[in-house]
Number of protein chains: 2
Amino acid sequence: MNATQSTRRTVLLVDDHAMFRTGVRAEIADAVEVVAEAADVDEAVAKVLELRPEVVLLDVHLPGGGGGEVLRRVGHRAPETKFLALSVSDAAEDVIGTIRSGARGYVTKTITGPELVAAIGRVADGDAVFSPRLAGFVLDAFAGSIEVAQVDEDLDRLTEREREVMRLIARGYAYKEVAKELFISIKTVETHVSSVLRKLQLSSRHELTRWASDRRLI
Amino acid sequence: MNATQSTRRTVLLVDDHAMFRTGVRAEIADAVEVVAEAADVDEAVAKVLELRPEVVLLDVHLPGGGGGEVLRRVGHRAPETKFLALSVSDAAEDVIGTIRSGARGYVTKTITGPELVAAIGRVADGDAVFSPRLAGFVLDAFAGSIEVAQVDEDLDRLTEREREVMRLIARGYAYKEVAKELFISIKTVETHVSSVLRKLQLSSRHELTRWASDRRLI
DNA sequence: CGCAAGATCAGGGTCGTCACCGATGGTGTG
DNA sequence: CACACCATCGGTGACGACCCTGATCTTGCG
């Protein structure tokens, strides 16, 4: 509400649509300083590290992995930078996922220019900003620890034994350790792992780790 | 911001200090309708079920179990009622705990009358309301980094670069992918990984995954 | 009973992982 | 200016991960 008008907020604008970036910039340029724009994940990562903006306006659906990927890659390396997700989507998965990655706010693109400026200011001050409907998602997920709708069809296709092996592998157990843990031979572990990788369409145990990590299965 | 001025919000005021209730009522009575007051958990539970107020102003420290107890007992039975915690405490445990129980907002008693009225309106509209400093607690906790107090001496001994590499390896990235990600050669990645494994006294990338997994670093 | 599917195991091969050896250049510090 | 520390690379070799192609045994089902 008060804020400083002399030193304007520095903002990085990340969206894959140039026209949208132009529109946003026109709407907020009077109140904040748009120091740069980025059109994909790699570009966004580089610009954040280079310019250290106070706030990053981040589109959720982005070439190269999405806005969440940007957060995972530079969020920890730019602790002073706040991320405000700006998306067309109001789907619970997108909202929750983005917040889990570390975003400080999430507003939809139906927002008006002045509202966006206010949101940027609040996020920069350390507050959290959500469109009214979206705040419910976050608090529900947090309070209910329901884990959203993790109905993974891929996971259902695994057999019980395969899921056991998968969990241990994803947590970093060596084949030998899994074998000892489950009282089976290394060769059997290999077979199960191969089945899991094939069913999940992955190509290595490392990808499996990332897959499980992304889904909070470990 | 807009809200309806004709049909005023119905509010239940819960606090064990009569004088404080009187003060709050005086501050907000012009803008909202305080339909009742309650001084302890049992009374609050009964009033909520009887009167179905739109918003419950809930003190966190309350005789009979605290504000969280009220939420756990009637929150699910009064889905239309929103709970706004109003407390002297700004301790992270209180904030997180109350939100976990289902509160839609949390403000400290340093708030002014008009601000409280605005907060009541926002909560009633489905928005989440937090004092700026408190929002950080909630999102940090939600993002899974509650255990930040895990000042691992081992982790401190890693260099910045080593931590970056470690994080990616633990998440399942192949050496090749880490190299590409950090713009360095595979050989350098190997060197860093070796340093990390030696410093953490681990013997493989898989043990590193488990190590990081156990510490919620990924 | 015939048959499918899951769990168990082996041999053999490719490729990534990791340690041990070495090297260079940049940085900060006594 | 030495000296330590860090980040960056290269070679070699042993070992594990992973795939492919087999196999036996049990369980459930029409």
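So that the names make sense, note that chain A is the first sequence line, chain B the second, and so on, each numbered from 1.
Contacts of I186(B) with the nucleic acid, taken as non-hydrogen atoms under 4.0 Å apart, are absent. In this structure, T188(B) reaches the bases: a heavy-atom distance under 4.0 Å links it to at least one base atom across the strands shown.
Remark: P of dT17(C) and OH of Y173(B) are 14 Å apart, rounded to the nearest angstrom. Between the CG atom of L197(B) and the P atom of dT17(C) there is a distance of 12 Å, given to the nearest Å. E164(A) places its CD atom 9 Å from the P atom of dT8(C), with the value rounded to the nearest Å. The interatomic distance linking H192(B) (NE2) with dT17(C) (P) rounds to 16 Å, in whole Å.
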- line: Counting primed atoms, P, OP1 and OP2 as sugar-phosphate and everything else as base, the B/S/- map of nucleotides 22-30 of chain C against protein heavy atoms under 4.0 Å is ---------
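Using a cut-off of 4.0 Å between Lys/Arg side-chain N and Asp/Glu carboxylate O, D16(A) and R21(A) are scored as not salt-bridged. By the 4.0 Å N-to-carboxylate-O rule, D125(B) lies too far from R104(B) to be salt-bridged with it. One finds a salt bridge joining R163(A) and E160(A) here, because a Lys/Arg side-chain nitrogen approaches an Asp/Glu carboxylate oxygen to under 4.0 Å. A salt bridge does not link D30(A) to R8(A): none of the charged side-chain nitrogens sits closer than 4.0 Å to a carboxylate oxygen. A salt bridge does not link K82(A) with E54(A): none of the charged nitrogens is closer than 4.0 Å to a carboxylate oxygen. Between R161(B) and E164(B), at least one side-chain N (NZ, or NE/NH1/NH2) sits under 4.0 Å from a carboxylate O, which counts as a salt bridge.
The base of dG6(C) does not come close enough to the side chain of K199(A) for any donor and acceptor atom to sit less than 3.5 Å apart.
For the atom pair CD of E162(B) and OG1 of T191(B), the computed distance is 10.0 Å after rounding to the nearest 0.5 Å.
Judged purely by distance below 3.5 Å, without hydrogens or angles, the side chains of E115(B) and T112(B) pair a donor atom with an acceptor atom.
Comparing E190(B) and T159(B), the nucleotide of DNA chain D nearest to each residue sits closer to the 5' end for T159(B). Nucleotides of DNA chain D nearest to E162(B) and H206(B) differ in position, and the one nearer the 5' end is that of E162(B).
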field: Base-pairing string, 5' to 3', of DNA chain D - Watson-Crick or wobble, under 3.5 Å, | interstrand
entry: ||||||||||||||||||||||||||||||
message: As a quick check of understanding, evaluate side-chain contact (heavy atoms from CB on, under 4.5 Å) for E177(B) and L168(B), giving each step before the final call.
response: CA-CA 9 Å; E177(B) 295 174 311; L168(B) 294 174; over 6 Å; no
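For the OP1/OP2 pair of dA7(C) and a distance below 4.0 Å, the side-chain nitrogens and oxygens of R161(A) include no atom meeting the criterion.
Closest of all the heavy-atom pairs between V60(B) and A85(B) is CG2-CB, 4.1 Å.
More than 12 heavy atoms of other shown residues, nucleotides or ligands fall within 6.0 angstrom of atom NE2 in H61(B).
Using a 4.0 Å cutoff to heavy atoms of chain B, the contacted part of DNA chain D runs 5' to 3' from dC6(D) to dA17(D).
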